[in-house]
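Quick notes on the structure that follows.
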Amino acid sequence: MTADLFETVGDARPPRETIGEGAALLRGFAKPFEAELMPALREIVRQAPFRHLITPGGHRMSVAMTNSGSLGWVSDPSGYRYDGIDPNSGTPWPPMPPVLRKLAADAAAAGGFNGFASEACLINRYVPGAKLSLHQDKDELDFAAPIVSVSLGLPAIFLFGGLKRSDPTRRYRLEHGDVVVWGGPSRLAFHGVAPLADGEHGLLGRQRINLTFRKVRLGAAGR
DNA sequence: TAGTTCCA
DNA sequence: AGTG
(Lines give C-alpha, C1' and ligand atoms only; values in the text may rest on other atoms or scores of the structure.)
Protein backbone atom coordinates (compact mmCIF):
# COMPACT_ATOMS: atom_id res chain seq x y z
CA MET A 1 0.00 0.00 0.00
CA THR A 2 1.16 3.54 0.67
CA ALA A 3 3.68 2.31 3.24
CA ASP A 4 5.37 0.20 0.54
CA LEU A 5 5.54 3.23 -1.71
CA PHE A 6 7.27 5.37 0.90
CA GLU A 7 9.82 2.66 1.62
CA THR A 8 10.94 2.53 -2.01
CA VAL A 9 10.88 6.30 -2.54
CA GLY A 10 13.55 7.15 0.07
CA ASP A 11 17.20 7.62 -0.96
CA ALA A 12 19.17 4.42 -0.59
CA ARG A 13 22.50 6.31 -0.56
CA PRO A 14 23.52 9.37 1.43
CA PRO A 15 24.00 12.49 -0.74
CA ARG A 16 27.33 13.25 0.92
CA GLU A 17 29.92 10.62 1.67
CA THR A 18 33.30 11.26 3.29
CA ILE A 19 35.96 9.32 1.41
CA GLY A 20 38.98 10.79 3.20
CA GLU A 21 40.25 13.73 5.21
CA GLY A 22 39.08 16.75 3.21
CA ALA A 23 37.56 14.48 0.55
CA ALA A 24 33.84 14.11 -0.16
CA LEU A 25 31.65 12.30 -2.67
CA LEU A 26 28.52 14.36 -3.45
CA ARG A 27 26.01 12.05 -5.08
CA GLY A 28 23.87 13.68 -7.76
CA PHE A 29 25.18 17.16 -6.99
CA ALA A 30 25.47 18.14 -10.67
CA LYS A 31 21.96 16.99 -11.62
CA PRO A 32 20.33 20.44 -11.19
CA PHE A 33 22.95 21.89 -13.57
CA GLU A 34 22.38 19.28 -16.26
CA ALA A 35 20.10 21.29 -18.58
CA GLU A 36 22.56 24.20 -18.83
CA LEU A 37 25.62 22.00 -18.72
CA MET A 38 25.08 19.93 -21.83
CA PRO A 39 24.81 22.79 -24.39
CA ALA A 40 27.75 24.55 -22.73
CA LEU A 41 29.92 21.45 -23.13
CA ARG A 42 28.84 21.01 -26.73
CA GLU A 43 29.99 24.54 -27.51
CA ILE A 44 33.37 24.04 -25.81
CA VAL A 45 34.00 20.82 -27.72
CA ARG A 46 33.02 22.52 -30.97
CA GLN A 47 35.75 25.15 -30.43
CA ALA A 48 38.34 22.75 -28.95
CA PRO A 49 37.71 19.16 -30.07
CA PHE A 50 38.74 16.16 -27.96
CA ARG A 51 42.19 14.81 -28.68
CA HIS A 52 44.37 12.00 -27.32
CA LEU A 53 47.45 13.43 -25.61
CA ILE A 54 50.86 11.75 -25.50
CA THR A 55 52.48 11.22 -22.10
CA PRO A 56 56.14 12.18 -21.43
CA GLY A 57 56.83 8.44 -21.67
CA GLY A 58 55.57 8.47 -25.25
CA HIS A 59 52.27 6.64 -24.66
CA ARG A 60 48.96 7.69 -26.16
CA MET A 61 46.35 8.22 -23.45
CA SER A 62 43.16 6.18 -23.86
CA VAL A 63 41.16 9.12 -22.48
CA ALA A 64 40.53 11.98 -24.93
CA MET A 65 40.85 15.50 -23.52
CA THR A 66 40.08 19.14 -24.06
CA ASN A 67 39.93 22.20 -21.77
CA SER A 68 37.91 25.27 -20.92
CA GLY A 69 39.10 28.30 -18.99
CA SER A 70 42.09 30.64 -18.89
CA LEU A 71 44.42 27.63 -18.56
CA GLY A 72 44.30 24.07 -19.84
CA TRP A 73 46.18 20.93 -18.80
CA VAL A 74 48.23 19.40 -21.57
CA SER A 75 50.74 16.58 -21.91
CA ASP A 76 53.28 15.94 -24.62
CA PRO A 77 56.65 14.17 -24.80
CA SER A 78 58.28 17.19 -23.11
CA GLY A 79 56.11 16.90 -20.01
CA TYR A 80 52.89 17.97 -18.33
CA ARG A 81 51.97 21.65 -18.07
CA TYR A 82 49.20 24.21 -17.97
CA ASP A 83 48.96 26.41 -21.03
CA GLY A 84 46.63 29.25 -21.93
CA ILE A 85 46.83 28.24 -25.58
CA ASP A 86 45.33 25.15 -27.19
CA PRO A 87 48.32 23.60 -28.98
CA ASN A 88 46.01 22.23 -31.69
CA SER A 89 44.52 25.58 -32.69
CA GLY A 90 47.16 28.03 -31.47
CA THR A 91 44.37 30.09 -29.88
CA PRO A 92 43.15 30.39 -26.26
CA TRP A 93 40.97 27.62 -24.80
CA PRO A 94 37.22 28.32 -24.89
CA PRO A 95 36.24 30.52 -21.94
CA MET A 96 34.67 28.80 -18.94
CA PRO A 97 30.89 29.27 -19.09
CA PRO A 98 29.19 30.67 -15.96
CA VAL A 99 27.32 27.41 -15.37
CA LEU A 100 30.65 25.56 -15.05
CA ARG A 101 32.09 28.18 -12.68
CA LYS A 102 28.98 28.02 -10.53
CA LEU A 103 28.88 24.24 -10.42
CA ALA A 104 32.54 24.07 -9.39
CA ALA A 105 32.21 26.76 -6.72
CA ASP A 106 29.01 25.31 -5.27
CA ALA A 107 30.41 21.79 -5.17
CA ALA A 108 33.65 22.96 -3.55
CA ALA A 109 31.65 24.80 -0.88
CA ALA A 110 29.52 21.69 -0.27
CA GLY A 111 32.78 19.79 0.15
CA GLY A 112 34.00 22.29 2.74
CA PHE A 113 36.06 24.65 0.55
CA ASN A 114 34.60 28.15 0.27
CA GLY A 115 35.71 30.69 -2.32
CA PHE A 116 36.88 28.20 -4.96
CA ALA A 117 37.49 30.01 -8.25
CA SER A 118 38.67 27.51 -10.83
CA GLU A 119 40.91 28.67 -13.66
CA ALA A 120 41.02 25.41 -15.55
CA CYS A 121 38.39 22.85 -16.46
CA LEU A 122 39.92 19.70 -17.94
CA ILE A 123 37.30 17.75 -19.87
CA ASN A 124 37.96 14.02 -20.24
CA ARG A 125 36.07 11.67 -22.52
CA TYR A 126 36.09 7.94 -21.74
CA VAL A 127 34.82 5.35 -24.21
CA PRO A 128 34.46 1.71 -23.13
CA GLY A 129 37.91 0.39 -22.17
CA ALA A 130 39.41 3.85 -21.54
CA LYS A 131 41.06 4.34 -18.15
CA LEU A 132 43.33 6.62 -16.17
CA SER A 133 46.02 4.91 -14.13
CA LEU A 134 46.83 6.02 -10.60
CA HIS A 135 48.34 9.53 -10.49
CA GLN A 136 48.50 12.77 -8.51
CA ASP A 137 47.29 16.18 -9.68
CA LYS A 138 50.45 18.10 -8.86
CA ASP A 139 51.09 20.37 -11.84
CA GLU A 140 49.20 23.19 -10.13
CA LEU A 141 51.02 25.88 -8.13
CA ASP A 142 48.22 26.26 -5.59
CA PHE A 143 47.66 23.18 -3.45
CA ALA A 144 45.46 25.14 -1.03
CA ALA A 145 42.58 24.95 -3.52
CA PRO A 146 40.72 21.64 -3.88
CA ILE A 147 40.11 19.51 -6.96
CA VAL A 148 36.48 19.25 -8.11
CA SER A 149 35.56 16.30 -10.35
CA VAL A 150 32.16 15.96 -12.07
CA SER A 151 30.96 12.68 -13.59
CA LEU A 152 28.57 12.57 -16.56
CA GLY A 153 27.30 9.71 -18.70
CA LEU A 154 28.29 6.07 -18.17
CA PRO A 155 29.19 5.03 -14.62
CA ALA A 156 32.85 4.46 -13.75
CA ILE A 157 34.90 2.97 -10.92
CA PHE A 158 36.92 5.75 -9.28
CA LEU A 159 40.08 4.68 -7.45
CA PHE A 160 41.02 6.85 -4.50
CA GLY A 161 44.22 6.17 -2.59
CA GLY A 162 46.59 7.99 -0.27
CA LEU A 163 49.60 10.27 -0.55
CA LYS A 164 51.92 7.43 -1.53
CA ARG A 165 51.43 5.37 -4.67
CA SER A 166 51.73 2.24 -2.55
CA ASP A 167 48.89 3.28 -0.21
CA PRO A 168 45.77 1.13 -0.50
CA THR A 169 43.08 2.42 -2.86
CA ARG A 170 39.35 2.34 -2.35
CA ARG A 171 36.88 2.00 -5.20
CA TYR A 172 33.75 4.13 -5.71
CA ARG A 173 31.17 3.74 -8.43
CA LEU A 174 30.55 7.22 -9.85
CA GLU A 175 27.32 7.82 -11.74
CA HIS A 176 25.98 10.62 -13.92
CA GLY A 177 25.75 13.77 -11.77
CA ASP A 178 28.10 12.63 -8.99
CA VAL A 179 30.81 15.07 -7.86
CA VAL A 180 34.00 14.31 -5.94
CA VAL A 181 35.84 17.09 -4.09
CA TRP A 182 39.26 16.58 -2.53
CA GLY A 183 41.60 19.09 -0.91
CA GLY A 184 43.47 19.90 2.28
CA PRO A 185 45.20 16.76 3.54
CA SER A 186 43.85 14.81 0.53
CA ARG A 187 44.88 17.35 -2.12
CA LEU A 188 47.74 15.18 -3.40
CA ALA A 189 45.98 11.84 -3.02
CA PHE A 190 46.68 9.30 -5.75
CA HIS A 191 43.59 8.58 -7.83
CA GLY A 192 42.55 6.98 -11.10
CA VAL A 193 39.71 5.43 -13.08
CA ALA A 194 39.30 1.71 -13.87
CA PRO A 195 38.69 0.70 -17.51
CA LEU A 196 35.21 1.93 -18.45
CA ALA A 197 32.59 -0.79 -18.74
CA ASP A 198 30.48 -0.78 -21.88
CA GLY A 199 26.92 0.48 -21.61
CA GLU A 200 24.45 3.03 -22.89
CA HIS A 201 23.58 6.30 -21.18
CA GLY A 202 20.32 8.06 -21.98
CA LEU A 203 21.90 11.48 -22.46
CA LEU A 204 25.48 10.75 -23.51
CA GLY A 205 25.36 7.35 -25.20
CA ARG A 206 28.40 5.03 -24.97
CA GLN A 207 30.73 7.41 -23.16
CA ARG A 208 31.62 9.04 -19.87
CA ILE A 209 32.53 12.71 -19.63
CA ASN A 210 34.50 13.93 -16.63
CA LEU A 211 35.06 17.58 -15.73
CA THR A 212 38.01 18.34 -13.46
CA PHE A 213 38.24 21.86 -12.08
CA ARG A 214 41.52 23.23 -10.73
CA LYS A 215 42.94 26.47 -9.47
CA VAL A 216 46.42 26.60 -10.96
CA ARG A 217 48.03 29.93 -10.13
CA LEU A 218 49.10 31.09 -6.71
CA GLY A 219 47.49 33.99 -4.88
CA ALA A 220 44.48 36.16 -5.53
CA ALA A 221 44.82 36.25 -9.32
CA GLY A 222 41.93 34.37 -10.83
CA ARG A 223 39.69 34.69 -7.74
C1' DT B 1 54.38 6.16 -13.76
C1' DA B 2 47.72 10.73 -16.43
C1' DG B 3 51.66 4.14 -19.91
C1' DT B 4 51.58 -1.36 -20.59
C1' DT B 5 52.06 -6.13 -19.07
C1' DC B 6 52.72 -10.14 -16.29
C1' DC B 7 51.78 -12.83 -12.19
C1' DA B 8 50.27 -14.49 -7.56
C1' DA C 1 37.16 -10.99 -11.89
C1' DG C 2 39.42 -8.06 -8.80
C1' DT C 3 43.60 -6.79 -6.31
C1' DG C 4 48.34 -5.58 -5.54
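Below, read A as the first sequence line, B as the second, and so on, with proteins coming before strands; counting in each chain starts at 1.
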**Message:** Could you walk me through whether A:Y82 and A:R217 satisfy the side-chain hydrogen bond (donor to acceptor under 3.5 Å, both in side chains) test, starting with their C-alpha distance in whole Å, then the side-chain angles of each, then the deciding distance to 0.1 Å, before giving a yes or no?
**Reply:** CA-CA 10 Å; A:Y82 280 93; A:R217 296 181 160 129; over 6 Å; no

Whole angstrom value for the distance that separates [atom2] of [N] from [atom1] of [X]:
X      : N     : atom1 : atom2 : answer
A:I54  : B:dT1 : CD1   : C1'   : 16 Å
A:H135 : B:dT1 : NE2   : P     : 14 Å
A:L159 : B:dT1 : CG    : P     : 19 Å
A:R170 : C:dG4 : CZ    : C1'   : 17 Å
A:I157 : C:dA1 : CD1   : P     : 15 Å
A:D137 : B:dT1 : CG    : C1'   : 14 Å
A:R173 : C:dG2 : CZ    : C1'   : 16 Å
A:Y172 : C:dG2 : OH    : P     : 18 Å

**Message:** Give the dot-bracket line for DNA chain C from 5' end to 3' end: parentheses for intra-strand Watson-Crick or G-U pairs under 3.5 Å, square brackets for crossings, | for inter-strand pairing, dots for unpaired.
**Reply:** ..||

**Asked** Between B:dT5 and B:dT1, how far is it from one C1' atom to the other, in whole Å?
**Response** 14 Å

Salt bridge [X]-[Y], side-chain N to carboxylate O under 4.0 Å:
X     : Y      : answer
A:R81 : A:D76  : yes
A:R27 : A:E17  : yes
A:R13 : A:E175 : yes

**Message:** Students often get this wrong, so: under 4.0 angstrom with heavy atoms, is A:R214 touching a base, only sugar-phosphate, or nothing?
**Reply:** base

**Message:** Need one value for A:D139: base, sugar-phosphate or nothing, where a base atom within 4.0 Å counts as base even if backbone is also close, heavy atoms only.
**Reply:** base

**Item:** Lys NZ or Arg CZ of A:R208 over A:Y126 ring: under 6.0 Å, within 45°
**Value:** yes

**Asked** B:dT1, C:dG4, B:dT4: which one has an atom nearest the side-chain heavy atoms of A:K131?
**Response** B:dT4

**Asked** If we ignore angles and hydrogens, is there a donor and acceptor under 3.5 Å between the side chains of A:D86 and A:T91?
**Response** no

**Message:** Does any part of the side chain of A:I209, heavy atoms only, come nearer than 4.5 Å to the side chain of A:L204, both counted from C-beta?
**Reply:** yes

**Item:** For B:dT4, the Watson-Crick or wobble partner whose two distances fall under 3.5 Å
**Value:** none

